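Keep in mind the model is a prediction, meaning the values are calculated, not measured.
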Amino acid sequence: QVVFALNQTLLQQERLRAGSVQIPYTTEDLIKHYNCGDLSSIIFNHDTSQVPNFVNATLPAREHITAQETDSYFRQELIYKRNERMGRRVKDLLEEHPQKSFFFAFGAGHFMGNNTVIDVLRREGYEVEHTPAGQAI
């Protein structure tokens with residue numbers, strides 16, 4: 001799976017550089033939606049783009065199965081489980097030190113798609129509010 005993932009990632013990067021394929025959103029789109037607190041927008045209606053999309057229609061049947069398995073593995077290990085760990089760490093710190101104030105900063109990828117850090121905290125009973133860019137905390 002690792003060799004397959006590396007090869008597919010390199011192929012995807014080569015296609016991007018050659019202009020034969022384009023990312024469906026720009027960095028500006030990401031910034032705009034992040035600042036608006038709208039990371040569940042249409043550009044994020046799939047889980048997340050932290051890992052390349054290995055599944056595509058041009059793959060032979062055997063490689064298509066490998067692509068699905070690899071995509072599922074990366075999504076589970078690199079996104080869902082990591083967000084669970086991070087959410088639990090935030091919860092643990094808040095509970096261990098109830099009189100302290102905390103500021104937690106995460107990359108935007110931890111707030112996109114399903115099973116985000118915010119989802120973990122909300123499942124634990126915490127209320128999480130978005131603070132728009134420029135608004136004082």
Side-chain angles (χ1 to χ4, degrees):
Q1 281 184 330
V2 172
V3 172
F4 176 83
L6 288 172
N7 283 333
Q8 292 301 311
T9 301
L10 290 172
L11 286 170
Q12 185 177 16
Q13 291 302 312
E14 288 171 359
R15 290 182 193 122
L16 283 169
R17 284 190 177 174
S20 61
V21 70
Q22 291 186 335
I23 296 176
Y25 49 85
T26 66
T27 301
E28 289 76 25
D29 292 330
L30 294 173
I31 292 168
K32 181 182 101 186
H33 288 279
Y34 179 79
N35 285 337
C36 293
D38 185 25
L39 291 177
S40 61
S41 169
I42 190 69
I43 63 171
F44 300 114
N45 67 355
H46 56 294
D47 280 329
T48 183
S49 295
Q50 290 183 6
V51 295
N53 182 14
F54 299 118
V55 181
N56 66 61
T58 63
L59 291 173
R62 192 175 118 269
E63 287 186 5
H64 189 78
I65 292 169
T66 302
Q68 289 174 318
E69 291 170 350
T70 303
D71 185 68
S72 176
Y73 173 81
F74 278 124
R75 192 167 310 285
Q76 193 66 33
E77 295 298 321
L78 296 180
I79 300 168
Y80 299 155
K81 286 185 181 179
R82 183 176 64 175
N83 284 345
E84 284 288 334
R85 283 191 305 273
M86 293 170 93
R88 279 195 312 273
R89 287 178 185 155
V90 167
K91 175 188 162 288
D92 291 346
L93 281 169
L94 293 171
E95 290 177 358
E96 289 172 19
H97 308 281
Q99 302 304 316
K100 287 190 175 185
S101 294
F102 291 91
F103 176 84
F104 300 100
F106 301 97
H110 296 285
F111 302 107
M112 291 189 269
N114 299 317
N115 302 310
T116 67
V117 172
I118 291 172
D119 293 334
V120 172
L121 292 170
R122 285 182 175 151
R123 280 195 307 265
E124 293 293 332
Y126 287 91
E127 183 177 323
V128 181
E129 294 180 24
H130 171 72
T131 304
Q135 180 179 328
I137 299 176

Looking at CD1 of I79 and NE2 of H110, how far apart are the two atoms once the value is rounded to the nearest 0.5 Å? 9.5 Å
Going by ring-ring contact (aromatic ring centres under 6.0 Å, His included), name the residues that satisfy it together with Y126, two or more places apart in sequence or in a different chain. none
To the nearest 0.5 angstrom, please state how far the CG atom of L11 sits from the CG atom of L16. 11.0 Å
With sequence neighbours excluded, what pairs up with F102 under the ring-ring contact (aromatic ring centres under 6.0 Å, His included) test? F104
Would you find a donor on one side and an acceptor on the other, under 3.5 Å apart, between the side chain of S72 and the backbone of Q68? no
For the hydrophobic clusters of this structure (ILVMFWY residues joined by side-chain heavy atoms under 4.5 Å, transitively), does one cluster hold both V117 and L94? yes
Is there a continuous path of hydrophobic side-chain contacts, each under 4.5 Å between heavy atoms, that joins V120 to L93? no
To check you understand the geometry: which heavy-atom pair defines the closest contact between N83 and N115, and what is its length? ND2-O, 3.1 Å
Could I get the full list of side-chain contact (heavy atoms from CB on, under 4.5 Å) partners for E77, not counting sequence neighbours? Y73, K81
Value for CD1 (I65) from OG1 (T70), rounded to nearest 0.5 Å, stands at 11.5 Å
Salt bridge (Lys or Arg N to Asp or Glu O under 4.0 Å) contacts touching residues 118-137 (sequence neighbours left out): E84-R123
Going through the distances and angles, do F106 and V90 end up as a side chain to side chain contact (heavy atoms under 4.5 Å, CB included)? CA-CA 11 Å; F106 301 97; V90 167; 3.6 Å; yes
